[in-house]
**Student:** 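Take this structure first; my questions come after.
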Amino acid sequence: MDQASLRSARAGELRASDAGTDVKLAGWVATRRDHGGVVFIDLRDASGRIQAVINPEENPAVGTVADVLRDEYCIALSGLVRKRPEGTINPDLPTGEVEVAVTELRVLSPSEPLPFQIDDRADVDEGRRLEFRYLDLRRPRMAANLVARSRAIAAMRTAMVDQGFLEVETPTLVKSTPEGARDVLVPSRLRQGSFYALPQSPQLFKQLLMVGGVERYYQIARCYRDEDFRADRQIEFTQLDIEGAFWGREDVFAALEPAVAAVARALRGIEIPAPFPRLTWAESMARFGTDKPDLRFGMELVELSDVFAGSGFRAFADVLAAGGLVAGIDAGRRDLSRSALDALVERARDLGARGLVWIVVEDDGTLRSPIAKFLGDEEQAALVSAMQASPGDLLLIVGDRPKVTRLVLGALRLDLGRPEGHDELRFLWVTDFPVFAVGDDGSLSPEHHPFTAPYDITEMRDHPAEALSRAYDLVLNGVELGSGSERIHDPRVQKEVFDVLGISDREAESRFGWFMRALRYGTPPHAGFAVGVDRLVMILQNEPNIREVMPFPKTQSGYDPMTNSPSAVDELQLVELGIDLRPDVREALATDSPDG
């Protein structure tokens, strides 16, 4: 068999119309079955699988090779495509009507015994899967996810090109300009003691492209953030990054919605209606307790301050007197035991609340709750009316600082109401975010990044905690897909933002001087956005975390068990970089486990 022409067809593409055709196939042994001397092999390649039949009596040489075959041997074969005998058709396979009668067979590469079975039925520890990721990628689920990821990116590119965008690559070794997360630093050998950073996003460079006259930019950008890992977060990730000159928010929405809809069409075969619905940040927080609400179900927050003002239940009355917020959610008809209700109280405490009040509306309209005795008939009636509760409903109420009340109820809403799976797609724009996030100590930090344009400069200067920005997020089923904003294009406004943040002129010059200088050369108004490719594909593929749609992700702790990284490097490399490790770090490297 000539290795230059191992294939004349792909295994998963053969159909009944190919019967009578001689083919050459190559792939992996998915299964091997010996039925009374006749050997059946499921041959798998990237297109799918086909049944191959080997009859040693008819072809002893082929039978000899078939005797040594094991799962995941890489093989090549030639044979005749024929229809399967009556009663042996497999309706679960696209190729189930045909099989290949093998006339030539060759082992291209044998396989050692497998660390786990290459099928989706095997329950394999994730660490093991990542250690042998190259085998994990052969599993049908992972193979399908890689195909979906590729199709998603292709759809994005097509949508951008069709709208006249120019694809431009930005640097991956940049100046460290912290944007909210820790930078991933890269030491310089030629300038010892100095460091590059890997980009958290192409933010400043894409703004420079607007200064440079590139009016419509996009990039499938690789980004890096040294953050704690979560189900939807990795140290490195990919985003569709766009920016447009002479743009405002509506231009961004008009450009991005077709791109996202194209991905849904490519992966789900559905049409997403546009324009997407919108909520302001304030509305989203008040109704859902989060800035990334899942709209697939109701259970909205209801403010109950009027109900409990002056209430006999002093805990809530005191909260309101101190400027706090009392609110609740109607979790619907639930039949929970007292221990389950107590678990909800503990969950609320874990989320930061001082407590949680549960109330069950009995079938006769009375309320069952530890606090029922503190509520008069009018208060009980007002509560049921405000929450539009029905007999059998479980009401959950929190009284605390407004931020805590909303956060806790928003989390409980997801715990109790979020539907299984992601069959329905509910996109949402959340707009008009605060300019600044306010810490518990009153400190200010950018809600998005310091280059986001505020609505009102005077308000930002005089009342920074209340000032709103021209920022917006795209949310899908309760997951933030990405963020964007109209940018600051006037260097005087940029200086005002730095001043409010307490960034001195000297510090601003040191960190951003190269960027600020560019703004002085006729910078057009501009706006943009970035969509997380991994998160979008994760949802569309019904996956629980982004590691399932990334080819080579890290574990939850940032470790790669396949390559054993991060890892110590040779002492000579450190000397060349001018780096000397502290004694305690050296000791930790010598004693810590790889995934520690």
Side-chain angles (χ1 to χ4, degrees), residues 1-122 132-147 150-151:
M1 193 180 298
D2 183 3
Q3 191 160 331
S5 56
L6 290 175
R7 282 177 168 167
S8 64
R10 303 183 75 194
E13 297 174 353
L14 296 176
R15 299 292 186 270
S17 59
D18 296 303
T21 304
D22 289 315
V23 294
K24 295 179 180 180
L25 304 174
W28 290 267
V29 176
T31 61
R32 179 188 182 278
R33 307 178 300 279
D34 193 330
H35 291 180
V38 178
V39 177
F40 293 86
I41 293 170
D42 280 353
L43 178 73
R44 185 193 69 245
D45 64 17
S47 67
R49 61 174 62 193
I50 185 73
Q51 177 172 282
V53 183
I54 299 166
N55 190 329
E57 291 187 0
E58 296 178 357
N59 196 324
V62 171
T64 299
V65 177
D67 285 342
V68 305
L69 296 184
R70 297 294 180 269
D71 286 357
E72 298 307 306
Y73 270 45
C74 186
I75 64 173
L77 60 83
S78 297
L80 177 69
V81 181
R82 66 189 186 194
K83 292 185 178 180
R84 290 196 187 192
E86 190 73 26
T88 65
I89 291 175
N90 185 349
D92 296 328
L93 280 180
T95 60
E97 293 184 85
V98 295
E99 61 188 15
V100 175
V102 180
T103 56
E104 291 184 70
L105 179 63
R106 180 170 132 205
V107 174
L108 300 176
S109 177
S111 172
E112 293 185 359
L114 299 171
F116 50 80
Q117 289 302 305
I118 310 299
D119 62 54
D120 289 339
R121 293 169 294 179
F132 295 93
R133 188 62 160 185
Y134 40 84
L135 295 179
D136 192 41
L137 293 176
R138 295 182 189 175
R139 301 169 80 193
R141 169 185 171 187
M142 292 304 303
N145 286 346
L146 282 190
V147 170
S150 177
R151 293 173 65 190

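Being a predicted model, the structure only gives us computed values, none of them experimental.
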**Student:** So do Leu6 and Leu108 actually touch side chain to side chain, heavy atoms under 4.5 Å?
**Tutor:**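 Touching, per the 4.5 Å side-chain cut-off.
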**Student:** Tell me, do Glu72 and Arg138 make a side-chain contact under 4.5 Å, heavy atoms counted?
**Tutor:** yes
**Student:** Could you tell me which non-hydrogen atom of Asp45 sits nearest to which non-hydrogen atom of Arg7, and how far apart they are?
**Tutor:** CB-NH2, 3.3 Å
**Student:** Side-chain contact, heavy-atom cut-off 4.5 Å: Val65 with Val107?
**Tutor:**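 Result yes, sub-4.5 Å side-chain heavy-atom pair found.
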**Student:** Which heavy-atom pair separates Val81 from Val98 by the least distance, and what is that distance?
**Tutor:** CG1-CB, 4.1 Å
**Student:** Could you check if a side-chain atom of Ile50 sits within less than 4.5 angstrom of a side-chain atom of Leu25, using non-hydrogen atoms only?
**Tutor:** yes
**Student:** Would you compute the distance between atom CD of Glu97 and atom NZ of Lys83 and round it to the nearest 0.5 angstrom?
**Tutor:**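 If I round to the nearest 0.5 Å, the distance is 7.5 Å.
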**Student:** For a side chain to side chain contact (heavy atoms under 4.5 Å, CB included) with Val62, tell me which candidate from Ile54, Val39, Thr103, Leu77 qualifies.
**Tutor:** Ile54
**Student:** Quick one: pull up CG in Asp67 and CZ in Arg70 and give me the separation to the nearest 0.5 Å.
**Tutor:**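 Rounded to the nearest 0.5 Å, the CG-CZ separation comes to 8.5 Å.
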**Student:** Determine whether Leu137 and Leu146 satisfy the following criterion, side chain to side chain contact (heavy atoms under 4.5 Å, CB included), listing intermediate values before the conclusion.
**Tutor:** CA-CA 8 Å; Leu137 293 176; Leu146 282 190; 3.8 Å; yes
**Student:** Kindly give the heavy-atom pair with the smallest separation between Arg32 and Leu69, and that separation in Å.
**Tutor:**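 Closest pair (atom of Arg32, atom of Leu69, distance): CD-O, 3.3 Å.
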**Student:** Residues in side-chain hydrogen bond (donor to acceptor under 3.5 Å, both in side chains) with Arg151, at least two apart?
**Tutor:** none
**Student:** To the closest 0.5 Å, what do you measure between CG (Asp71) and CD (Gln117)?
**Tutor:**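 One finds 5.5 Å between CG of Asp71 and CD of Gln117.
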**Student:** Side-chain donor-acceptor pairs under 3.5 Å in residues 85-95, sequence neighbours left out?
**Tutor:**
from	atom 1	to	atom 2	distance (Å)
Thr88	OG1	Pro85	O	2.6
Asn90	OD1	Asp92	N	2.9
Thr95	OG1	Arg49	O	2.6

**Student:** So do Arg82 and Glu99 actually touch side chain to side chain, heavy atoms under 4.5 Å?
**Tutor:**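 Contact flag for Glu99/Arg82 side chains = yes.
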**Student:** For residues 9-22, which side-chain donor-acceptor pairs fall under 3.5 Å, sequence neighbours excluded?
**Tutor:**
from	atom 1	to	atom 2	distance (Å)
Arg15	NH1	Gly12	O	2.9
Asp18	OD2	Arg15	N	2.8
Thr21	OG1	Asp18	O	2.8

**Student:** Give the minimum heavy-atom separation between Asp34 and Gly37, together with the two atoms involved.
**Tutor:** OD1-N, 3.1 Å
**Student:** Go through Val38 and Glu57 one step at a time and tell me if the side chain to side chain contact (heavy atoms under 4.5 Å, CB included) criterion holds.
**Tutor:** CA-CA 9 Å; Val38 178; Glu57 291 187 0; over 6 Å; no
**Student:** If we ignore hydrogens and angles and just use 3.5 Å, is the side chain of Arg141 paired with the main-chain N or O of Asp136 as donor and acceptor?
**Tutor:**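 Not confirmed, Arg141 side chain does not pair with Asp136 backbone.
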**Student:** For Arg33, what residues pass the side-chain hydrogen bond (donor to acceptor under 3.5 Å, both in side chains) criterion, not counting sequence neighbours?
**Tutor:**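 Counting only residues at least two positions away or on another chain, Arg33 forms a side-chain hydrogen bond (donor to acceptor under 3.5 Å, both in side chains) with Thr31, Gln51.
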**Student:** List in chain and number order the residues that pass ring-ring contact (aromatic ring centres under 6.0 Å, His included) with Phe40, two or more places apart in sequence or in another chain; answer none if no residue qualifies.
**Tutor:**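 For Phe40, the residues satisfying ring-ring contact (aromatic ring centres under 6.0 Å, His included) (neighbours in sequence not counted) are His35.
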**Student:** Examine distances only and state if a side-chain atom of Arg139 and a backbone atom of Asp119 form a donor-acceptor pair shorter than 3.5 Å.
**Tutor:**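 Pair found, side chain donor or acceptor close to backbone of Asp119.
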**Student:** Within the 4.5 Å heavy-atom criterion, are Lys24 and Ser5 side-chain neighbours or not?
**Tutor:** yes
**Student:** Can you list the residues that meet the side chain to side chain contact (heavy atoms under 4.5 Å, CB included) rule with Pro115, with sequence neighbours excluded?
**Tutor:** Arg128, Phe132, Leu135
**Student:** Side-chain contact, heavy-atom cut-off 4.5 Å: Leu105 with Ile75?
**Tutor:** yes
